[in-house]
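In this chain, numbering begins with 1 at the start of the sequence shown. Any value given below was found using the heavy atoms of this structure, including those in side chains, with hydrogens, waters and symmetry copies removed.
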Amino acid sequence: MTSNASRIEYSEKYADEANEYRHVILPKDIAKNLPKSRLLSEEEWRRLGVQQSRGWQHYAIHRPEPHILLFRRPLGTDPQSGRVDPSLERQAREEYKNQFGLLRK
């Protein structure tokens, strides 16, 4: 029997100037039990079998595809503690600026 966790799909991370994001695709048999009108707490999404480092927040419900959970966390979040580390935040913001040619002159 395949565990729920092994059937969950994870996107690559993507970012903007403030946050990093990822989406998680749940098998539809798991998703059918999701609450329809509220976001999940960390305890709830972990109980479903979602496995990711600390600091991620379920921030939106994608109504056309409710089996896709949308997550974000601030740039520079320490994956061990779930807290923003100022030096990691500076580094992440610089990497974002470099990647998109947004360097200050």
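Note: R83 CZ to E89 CD = 15.0 Å, rounded to the nearest 0.5 Å. Here CZ of R7 is found 9.5 Å from CG of L26. Values are rounded to the nearest 0.5 Å. A distance of 11.0 Å separates OH of Y59 from CG of L69, quoted to the nearest 0.5 Å.
Contact annotation: the side chain of P27 approaches that of I8 to within less than 4.5 Å [non-hydrogen atoms, C-beta and beyond]. Between R73 and K13 there is a side-chain heavy-atom pair separated by less than 4.5 Å. A 4.5 Å side-chain heavy-atom check between T77 and L88 finds every atom pair outside the cut-off. Two residues are said to be in side-chain contact when any heavy atoms from C-beta on lie closer than 4.5 Å; L48 and L40 meet this criterion.
Below 30°, between 30° and 60°, or above 60°: for H58 and F71 the angle between ring planes is between 30° and 60°, a tilted geometry. The aromatic rings of H23 and Y14 are tilted relative to each other, their planes meeting at an angle between 30° and 60°.
Residues R90 and E94 are not paired through a salt bridge, judged by the lack of any N-O separation under 4.0 Å between the basic side chain and the carboxylate.
Dense packing is recorded around NZ of K36, with more than 12 heavy atoms of other residues, nucleotides or ligands lying under 6.0 Å away.
Under the 4.5 Å side-chain contact rule for hydrophobic residues, W45 and L70 do not share a cluster. Cluster membership check: I25 does not share its hydrophobic cluster with I30, using side-chain heavy-atom separations under 4.5 Å among Ile, Leu, Val, Met, Phe, Trp and Tyr.
With R72 contributing its side chain and Q57 its backbone, the two residues share no donor-acceptor pair below 3.5 Å.
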* Would you please test R46 and W56 for side-chain contact (heavy atoms from CB on, under 4.5 Å) and show each step? => CA-CA 11 Å; R46 287 194 187 280; W56 290 100; over 6 Å; no
